[in-house]
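Written below as structure tokens is the structure these notes are about.
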Protein chains: 2
Amino acid sequence: MLSEAHLTEGMRSVFVELLVHGPLSRAEAARRLDLSPSAVTKLTKPLLQDGYLLQQPVGDRNAMGRPSQPLAVDPARAALIGVKLTEDELFAVRTDLRAEIQRELRRPLISHDVDDVVACVGEAVRDLTGSGKPPAAVGISLAGTASGGDPVVPTSPFLGWRNVPLGGLVAAATGIPAVVVENDVRALTAAQQWFGAGVGHSSFALVTVGAGLGCGLVIGDRLVRGAGRGTGLVGHMSIHDSGPLCEMGHRGCARAYVSSAAIRRAVATTLDRPDLTFEACLALAAEGQPAARRILEEAGEALGQVVATVANITGVQLVILSGEAVAMYDVCAGAFDAALAAHTHWTSTPIDVVVKPFTFSEWARGAAVIALQHRILGR
Amino acid sequence: MLSEAHLTEGMRSVFVELLVHGPLSRAEAARRLDLSPSAVTKLTKPLLQDGYLLQQPVGDRNAMGRPSQPLAVDPARAALIGVKLTEDELFAVRTDLRAEIQRELRRPLISHDVDDVVACVGEAVRDLTGSGKPPAAVGISLAGTASGGDPVVPTSPFLGWRNVPLGGLVAAATGIPAVVVENDVRALTAAQQWFGAGVGHSSFALVTVGAGLGCGLVIGDRLVRGAGRGTGLVGHMSIHDSGPLCEMGHRGCARAYVSSAAIRRAVATTLDRPDLTFEACLALAAEGQPAARRILEEAGEALGQVVATVANITGVQLVILSGEAVAMYDVCAGAFDAALAAHTHWTSTPIDVVVKPFTFSEWARGAAVIALQHRILGR
DNA sequence: CCGGGTTTGTTGATGATGTCAAGGAATGAA
DNA sequence: TTCATTCCTTGACATCATCAACAAACCCGG
């Protein structure tokens, strides 16, 4: 699917524009892409014939002239599968071309043995495919130094892998040739870029709060992948030099304040209630329990400082907050905003912060978007 | 000059490739640009006729086959003028197309009045032009939120300007239509991108040490300009929360440790020798004076942490150090390297740090390169 | 010294891709 | 009904890069 029709460069750009920016008339697409209307007519013709695009019913008419005929990508024309690997579980989703989730599943990882993981991923792909048509591409995301295009995972700390050709192995196990592997935060960033709060912004950052801290960047409409080095390593950013030590020997890393584990541990030990869950800690702080409240304020300050630093260096105007533990923001928005303002340069316009409610399948959805982008853009 | 000949997109890319990567044979240029050899022949023909390119004498022959005929940009085909504005002085250079400085001058700024500054810039441009041909473009760089393409300076704290249409005023005063205004650190970054240590790297960062700290970014072969907000605001990055206050109310900002003024002040007050210059402080530290040595070690640590943070967020592999006070690096390389290593993630490859000896005219040279890039690339 | 091998550079035919000019289509407004 | 407006389509045309073929200039081995 999706590339057997020999997509040319112009067709790709029109297709992406329609995919990302919803139904558009040919004239509107021409304006956006800086093309002539006739070019759009010619470029969309084969895409319509092949069923990638659909004529939309004409919408509201309050303008002059001939009504526009909106075009839209047929989201059901192809399917994607995205898989997120964690230390002990696998999440997988099947989505349509607009990355809307159709089915999802989660499954425990029995071991970190490469063959076991590949078998588990293959089984998930089979189950999600069912009797339907096979997906156009499979994306796999995981923490570590994986980087799009390269099907080899250079290092995965939590799985203990080095130079594992994961993409090729899954392709062989499933018979689906297009398997792409990518860092999990970058995958989430890609999903926001095309189908989330990043739409319409040529540059933005995504900061994730969860087991750790992460940061993805889009600059000039391109996902920043880094050259050899990973990107978005904000977890060890220094916040207070009087804080606790982290495993790298720093004092007061951001992750010592703002990860879900750090918040839970701090509240649980301070209140001597080792059974407290992370959510319970947030609830305590929301109710006004002083220690919990203070710990979350400190977390909010740390997160605000991280976001400000990212924005100060890269110049992004929009920062999206996401991740499993992003609910912490609601409890400490005041402290966060104050820290963000304090660390933001006064000559700059304020930063737009968008908080994205998070479900765990978002990780897998991000992997599906990476697969989609790779399939369409070839990178 | 330089664009009257109606440069097409293909010609531009060949021209830039030859300008930046020195003399290249047609075949080599074709390989680098992913073009066919015949395309390069056709694209270079009009450039050769118009004198923008020169046939180089054939070099060493140790390969098989027909000897290649290197092509190079004629650096004398056009001239650029770059101007750097500071609070009380103006530096200006006239360069050739490869940004080699031909003449330079410095001049005091009598006032911060816009007309006075424009007159002073105009006079400098006239003096540097002399009886020669007028420059193809003029670039002006200054600290603040100026951003390429836009000839208006939104804010300049040290000049007290807001929304000054500097580019247009200088264009009117000099009769040279192409006047480009840009942030000074970005201009320096552009110079490194095309004619410095950044050549051959698609992504790198430049960190400047001087009156303050600055940071410029090139990601994916493009100079990062930021969207509305400035980039590279690393001066207020938090290093120690027990340090001195800065004017924004932070404790232990990077600029409190690593700017030339901060280092000088720290050494001078500690040793109770208010007359000490910055250079003298470096000399004392190099000789082993304990207090000066310690102060410079702390500066090196802070700078190392700044560089590590920039690289961790953006994923650049190369960081160039520059600026008026970059000589401090030689005195504290050990502390810098240790801090850099400590704050760099272990899963990443080490960062290449290149120290660029700095003269003040480099600022103005950067402005010339901005003018050149704008003239050629149209951005 | 002379012909294969090799790489470079040039030329003309070809094809892909976009613009332009012209005009038809579908609406609101007068 | 007629006009203005906007959208969409079509065919002529221009641009630009590739391809195939070939000429040029060198090495090398006999």
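In what follows, chains carry the letters A, B, and so on, assigned in the order in which the sequence lines appear, proteins first and then strands, with residues in each chain numbered from 1.
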Tell me whether B/Asp34 at atom CG has more than 12 heavy atoms from other residues, nucleotides or ligands lying less than 6.0 Å away.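 Not more than 12 within 6.0 Å, no.
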Write out a two-atom table: protein N or O, nucleotide N or O from nucleotides 2-4 of chain C, distance below 3.5 Å.
none

[N] [atom2] sits how many Å from [X] [atom1], rounded?
X: A/Glu9; N: D/dT15; atom1: CD; atom2: P; value: 22 Å
X: B/Asp34; N: D/dC19; atom1: CG; atom2: P; value: 11 Å
X: A/Leu48; N: D/dT9; atom1: CG; atom2: C1'; value: 13 Å
X: A/Leu43; N: C/dA16; atom1: CG; atom2: P; value: 14 Å
X: A/Leu35; N: C/dA16; atom1: CG; atom2: P; value: 19 Å
X: B/Gln55; N: D/dA24; atom1: CD; atom2: P; value: 16 Å
X: A/Met11; N: C/dA16; atom1: CE; atom2: P; value: 13 Å
X: B/Leu24; N: C/dT8; atom1: CG; atom2: C1'; value: 14 Å

Calculate, to the nearest 0.5 Å, the distance between atoms CZ and CG belonging to A/Phe15 and A/Leu47 respectively.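 It is 7.0 Å, given to the nearest 0.5 Å.
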Spell out yes or no: do the side chain of A/Arg66 and the base of D/dC7 have one donor N/O and one acceptor N/O closer than 3.5 Å? yes
Examine the base of D/dT15 for any acceptor or donor lying under 3.5 Å from a partner atom in the side chain of B/Lys42, and report the outcome as yes or no. no
Return the nearest nucleotide to the side chain of [X]; candidates are [options].
X: A/Ala39; options: D/dC26, C/dT19, D/dC16; answer: C/dT19
X: B/Ala27; options: D/dT9, C/dG9, D/dT18; answer: C/dG9
X: B/Arg26; options: C/dG18, D/dC7, C/dG9; answer: C/dG9
X: B/Pro67; options: D/dA17, D/dC26, C/dT19; answer: D/dC26
X: A/Pro37; options: D/dT9, C/dT10, C/dA13; answer: D/dT9
X: A/Ser68; options: D/dA12, D/dC8, D/dA25; answer: D/dC8
X: A/Ser38; options: C/dA21, D/dA20, C/dG18; answer: C/dA21

Checking all strands, does B/Gln69 fall into the base, sugar-phosphate, or nothing category for heavy-atom contacts under 4.0 angstrom? sugar-phosphate
Start with the C-alpha distance between B/Ile140 and B/Leu166, add both sets of side-chain angles, then the distance that settles side chain to side chain contact (heavy atoms under 4.5 Å, CB included), and finish with yes or no. CA-CA 9 Å; B/Ile140 304 174; B/Leu166 181 60; 3.9 Å; yes
With a 4.5 Å limit on heavy-atom distance, are the side chains of A/Val199 and A/Val20 in contact?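 Sidechains of A/Val20 and A/Val199: in contact.
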Taking the side chain as everything from C-beta on, heavy atoms only, tell me whether B/Leu71 gets closer than 4.5 Å to B/Gln56.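 When only atoms from C-beta onward are counted, B/Gln56 and B/Leu71 do not touch, as no gap falls below 4.5 Å.
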Option among A/Arg186, A/Arg222, A/Gln373 that satisfies the side-chain hydrogen bond (donor to acceptor under 3.5 Å, both in side chains) test with A/Gln193: A/Gln373
Give a yes/no on whether any side-chain N or O of A/Thr41 is located under 4.0 angstrom from OP1 or OP2 of D/dT10.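 No, because none of the side-chain N or O atoms of A/Thr41 sits under 4.0 Å from OP1 or OP2 of D/dT10.
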Please tell me if B/Lys45 has a side-chain N or O lying less than 4.0 Å from either OP1 or OP2 of C/dT10.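 Checking C/dT10 against B/Lys45, no side-chain N or O comes under 4.0 Å of OP1 or OP2.
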Could you go through the side chain to side chain contact (heavy atoms under 4.5 Å, CB included) check for A/Phe204 and A/Val354 one step at a time? CA-CA 11 Å; A/Phe204 70 93; A/Val354 173; over 6 Å; no
Is there a donor-acceptor pair closer than 3.5 Å between any side-chain N or O of A/Lys133 and the backbone N or O of A/Ala79? no
5' precedence on DNA chain C between B/Glu28 and B/Gly65 (nearest-nucleotide basis):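 Comparing both residues, the 5'-ward one is B/Gly65.
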